[in-house]
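Because only heavy atoms are used, hydrogens play no part in the values below, and waters and symmetry mates are left out as well, while side chains stay in. Here is how names work: the chains are called A, B, and so on, in the same order as the sequence lines, proteins then strands, and each is numbered from 1.
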Amino acid sequence: MNNFTINSTAELIDALRSRGDHRVRLCGGGSRHHAQTARPFDSVVIALAGMNRIQRLEPDDLTCSVEPGVPCAVLHEELAAKGLELGIDADGTIGGFLAADPVTAATTGAASARSALLGAEAVLGEGKAFKAGSRVVKSVAGFDVHKLLIGSRGLLFAATLLHLKLRPRPPAAIDFCTDVMEQEAASRRFIALRSLAPAPVRLSLLFDPSGCRITGRFAGRANWVATALRSNGVREAKLAAATPFDEHSGNERLAGLVPPTQVRHLLRALPVGAFARIHGNGRCEIDLPAKATDALLRAMPELFVVAAIIGGTAVRRGQGTPLDAGAVRLDQGLKQALDPQGVFV
Amino acid sequence: MDAVLKSLIAIVGKHRAIVARDALLAWECDGFTVHKQLPLAVVAPETTEEVAALVRILHAGKVPFVPRGAGTCLSGGPTPMAPSVVIELARMNRVLQVAADDLYAVVQPGVVNLDLTTAVAHLGLHYAPDPSSQSVCTIGGNLAENSGGPHCFKYGMTNDHVLSAVVVLPDGSIAKLGSEAGPRAPHGFDLPAIFCGSEGTFGIATEITVRLCRDAEAVHTLLASFGDMPSACRAVSQIVGAGMVPAAIEILDQATIRAVEASIYRAGYPEDAAAVLLVELDGPVAVLEEETAEVRNFFAQNGALRIEAATSPTERKKLWRGRKGAFGAMGRLNTDLYVLDGVVPRTKLVEALNGIYAIGKKYAVVLTNVFHAGDGNLHPNISYDGRNVEEVARVLAAGREILQLCIDLGGSISGEHGIGTEKLEHMPMMYTEADLEVMARVRSVFNKDNLCNPDKVLPSRHGCAEVAKWPAMIARVLDGEGQS
């Protein structure tokens, strides 16, 4: 059995039903394979990149329905042409992005993968198609099974159609940064900027051996954006894209959650040679020498930080701070209930 | 059962347990008064440990139980389907922590929605989801129902504001879902997202961490009256189409305006108007001035009969008075009120309203409309006499047809009230058997024995079973309607 590229729901169901004893690794465009756990040798890859149609785009309703293989760049372009946006820095394919729910530079109250996903059509590992949620901006009919897609890493079901909430594209946006600061000052500034109303739509505290900087983006009406820039003592700057993880650096990458008031404690706990990006929505990424990872993970619970390895050797990915035992039991129960044969790996 | 009750009372004490039949009447239904069921008993715990102890006893005794907040739900969510013990959470009403710099608060489930905002107002913060019942409904109930409200057009539903929850699962074990910094750990599933909106069927949240929002610099509220409903809806489309995201966009129809103006909630709305449109903008002052001018312009372009604006809290309260009091005002129209809750794509609002008025006429019911126009969330309200069985049957049949219309227009049978008992038999109108079976699998993970708020949300395999629990005549009428 070879690897598959799927073009339709019917093909996906067919592939899942004819997989024999093989388990399945779902894949979007393949841009995040380096962040996944090791793929079992007996598994096949089903790529959903061929399901790449924007089925419905309703600018007046602020919703669209897209197949999972739609490249985010294409979607962003289509939406921008109509004065709309998703409001999240999605990259890769949209299905892959939602399933990975990677750390992005969003801030509190901003759109998130969770808020953007209104409903979905999907297929279970056994080949059974189902839907949950709705294509309208508001629905509480039934359980939100579709929300389980977010961050599920393709382990529960394969989404075949995604109903997304859109928002008007702000008329103006300016990226900004601060000067380099020491940790305490940067932490205070980060909290202050995060507490603005409206807050920057992107906000990040960047830590490297040279010190800390804060970057972000104000978006809205042109006059307000200009005023926000002036009144908050930051300067306009072109922001560099986040550095891709270098698999051969000997480092590991952690993704995690940190309350803003704990940021200064987390920064103090980082080992020499660590880099960190801490975002306004409480999410963070830390690159650090692999030999220092376990000690940091052990220290994190006392700092109220939750984190896991997302970059490094395949066997290490997915290891992290201990989770609540009850939550782990529910996670395992959901996997068992939705994928009882353990098809998706 | 006596032994179970004794054990329950041993945990909470006699003063926090109710078993007398006449006293239990207050718990026989919520805001959906069509379906009533007297509970076996009511117990009122005050801590997570007490909730867990109660649930363990009920689980061991295989006694069904139903968690309940303020009972303001409009779909029968906290009304027992069969004789059950109600776990009343109103005494768990403490704000446990306010983390102003981290923008979150930890609350017990019985904290009243508006009380949380009041508690953090001095810090320039508020809790954004604001159901119409926010002065009495509880955060625990909001979490269970994934409640919305007028301001969720801009700020999102309850689900967008829940970071974590400590929950007592239906077997009495305790789990913490999510964390104060965010709902999903990088190596776990998004458990708060699936728990929120589970209508009390997945367990009982006993500590809830919610996101707080910084107050906007300024708030402008505008009210415009129109000679016809399509003009009001067109103005809404133009506002949203211009790229604005108002905090709230609400419409009241003429029947509602007249009910409000005849009540103690009188707000000075023009009674000759076919629709009143309420738009609230919030943000920096400089932005609001521009946006207010644009909104006024859209009102004028659509032939607004009268435009009023409010910028001070007192003036704003006056404009909102009629909207907030609309459901109360309808209490004057008859003894009972059936508040429906359907969603259509916003561009289908006019079509949906025309259909709803036609359905009202067909079934000869008194129908008023108040709705969240920005997100197409309709609340057709039917005033009726609940003692008149024939009228109740017509009301329910009209409700069913309205919800079918919402589905036909690409919408949903509930935007914010939930399924409860009210819409159990409507679920197959929106979802296939396969969809419902997958939802049932998820429920089984949390509530394997179906003891926690049993038989809600998902219809049983024999769909008529739920209906049959209603008065027999209503069931017959509904069966007839279902076949037509």
Side-chain angles (χ1 to χ4, degrees), chain A residues 58 60-61 83 101 108-109 114-115 128-132 134-145 147-148 150-152 167-168 171 191 195 197-198 220-221 223-224 227 255-261 281-283 304 306-308 310 318 320 323-324 326-327 330-331 333-334 337-338, chain B residues 101-103 146 148 156 160 173-177 179-182 184-191 193-194 197-198 213-217 237 241 243 245 283-284 286-287 290 343 345-347 375-377 410-416 418-419 427 430-431 434-435 438-439 441-442 444-445 457:
Chain A
E58 306 281 357
D60 292 337
D61 289 328
D101 189 24
T108 179
R114 187 197 217 197
S115 64
K128 178 178 193 162
F130 73 98
K131 66 176 181 299
S134 166
R135 66 181 217 192
V136 283
V137 294
K138 209 175 173 189
S139 176
V140 295
F143 304 130
D144 284 347
V145 182
K147 298 276 189 196
L148 287 172
I150 308 299
S152 65
R167 50 173 62 192
I191 288 170
S195 297
R221 299 233 165 195
N223 60 350
W224 176 77
T227 306
L257 296 164
V258 54
T261 52
N281 57 0
R283 301 180 75 182
F304 303 97
V306 179
I310 60 161
L323 295 174
D324 175 83
L330 292 171
D331 278 351
L334 286 167
L338 295 175
Chain B
D101 283 343
D102 286 326
L103 297 177
N146 190 12
D160 298 314
S173 62
I174 297 171
K176 183 170 182 186
L177 320 180
S179 80
E180 283 68 18
R184 190 184 68 76
H187 45 329
F189 298 131
D190 193 344
L191 297 173
I194 191 74
S198 59
C213 295
R214 183 68 60 189
D215 293 347
E217 188 183 346
S237 289
V245 186
V287 172
E290 282 182 24
V343 186
R346 188 166 38 74
T347 48
D375 35 34
N377 188 180
S412 168
I413 58 173
S414 183
E416 54 187 14
I419 300 304
M427 284 289 275
M430 186 162 166
Y431 295 112
D435 304 336
V438 171
M439 289 183 197
R441 289 193 200 189
V442 172
S444 72
V445 173
V457 185

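For chain B, the nearby parts of A/V145 are the backbone and the side chain; heavy atoms of each come within less than 4.5 Å. Using a 4.5 Å cut-off between heavy atoms, A/D101 contacts chain B through both its backbone and its side chain. The parts of B/M439 that come within reach of chain A are both its backbone and its side chain, each placing non-hydrogen atoms under 4.5 angstrom from that chain. If you measure heavy-atom distances from A/K128 to chain B, the contacts under 4.5 Å come from the side chain alone. Interface residue B/L191: only side-chain heavy atoms are found under 4.5 Å from chain A. With a threshold of 4.5 angstrom between heavy atoms, A/R167 does not approach chain B through any atom at all. Heavy atoms of B/T347 lying under 4.5 Å from chain A belong to its backbone as well as its side chain. Only the side chain of B/N377 comes within less than 4.5 Å of a heavy atom in chain A; its backbone stays farther off. Of the atoms belonging to A/I191, it is side-chain heavy atoms, and not backbone ones, that fall under 4.5 Å from chain B. Heavy-atom distances place both the backbone and the side chain of A/D61 under 4.5 Å from chain B. For a residue to count as touching a neighbouring chain, one of its non-hydrogen atoms must lie under 4.5 Å from one of that chain's; by this rule A/D60 touches chain B with backbone and side chain alike.
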>> Under the criterion salt bridge (Lys or Arg N to Asp or Glu O under 4.0 Å), I'd like the reasoning laid out for A/K131 against B/D435: C-alpha separation, chi angles, the key distance, then a yes or no.
In response: CA-CA 6 Å; A/K131 66 176 181 299; B/D435 304 336; 2.6 Å; yes
> Would A/V258 and A/F304 satisfy side-chain contact (heavy atoms from CB on, under 4.5 Å), going step by step from the backbone distance to the final call?
Replying inline: CA-CA 7 Å; A/V258 54; A/F304 303 97; over 6 Å; no
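The two residues B/V442 and A/L334 come nearest to each other via the heavy atoms CG1-CD2, 3.9 Å. The two residues A/R114 and B/A193 come nearest to each other via the heavy atoms NH2-N, 3.0 Å. Smallest separation of non-hydrogen atoms from B/S414 and B/V343: C-CG2, 4.1 Å. Closest non-hydrogen pair, A/L257 versus B/S179, comes out as CD1-OG, 3.7 Å.
The greatest number of non-hydrogen atom pairs below 4.5 Å with chain A, out of B/G148, B/G156, B/P284, B/S198, is found for B/P284. Interface check for chain B: of the options A/A327, A/G151, A/S115, the most heavy-atom pairs under 4.5 Å are formed by A/G151. By number of non-hydrogen pairs under 4.5 angstrom with chain B, the leading residue of A/P198, A/A307, A/G220, A/G256 is A/A307. Contacts with chain A were tallied for B/E217, B/E290, B/M427, B/M430; B/E290 has the most, counting heavy-atom pairs under 4.5 Å. Per-residue counts of heavy-atom pairs under 4.5 Å with chain A were compared for B/S237, B/C213, B/P345, B/A434; the largest is that of B/P345. Your options are B/R441, B/E416, B/R346, and the one with the most heavy-atom pairs under 4.5 Å with chain A is B/R441. Ranked by heavy-atom pairs shorter than 4.5 Å toward chain A, the options B/D215, B/N146, B/I194, B/I174 are led by B/I194. Taking chain B as the reference chain and counting heavy-atom pairs below 4.5 Å, the highest number among A/S195, A/G318, A/A197, A/G282 is found for A/S195. Contacts with chain B were tallied for A/V306, A/L338, A/L330; A/L330 has the most, counting heavy-atom pairs under 4.5 Å. Comparing A/E58, A/R221, A/R283, A/K147 by how many heavy-atom pairs each has under 4.5 Å with chain B, the most go to A/R221. Comparing A/G142, A/A141, A/G333, A/G326 by how many heavy-atom pairs each has under 4.5 Å with chain B, the most go to A/A141.
Checked by atom type, the side-chain pair A/S139/B/S412 shows a donor-acceptor distance below 3.5 Å. Defined by atom type and a distance below 3.5 Å, a donor-acceptor pair is present between the side-chain atoms of B/D102 and A/T261.
For B/D375 (side chain) and A/V137 (main-chain N/O), no donor-acceptor pair under 3.5 Å exists by modelled atom type.
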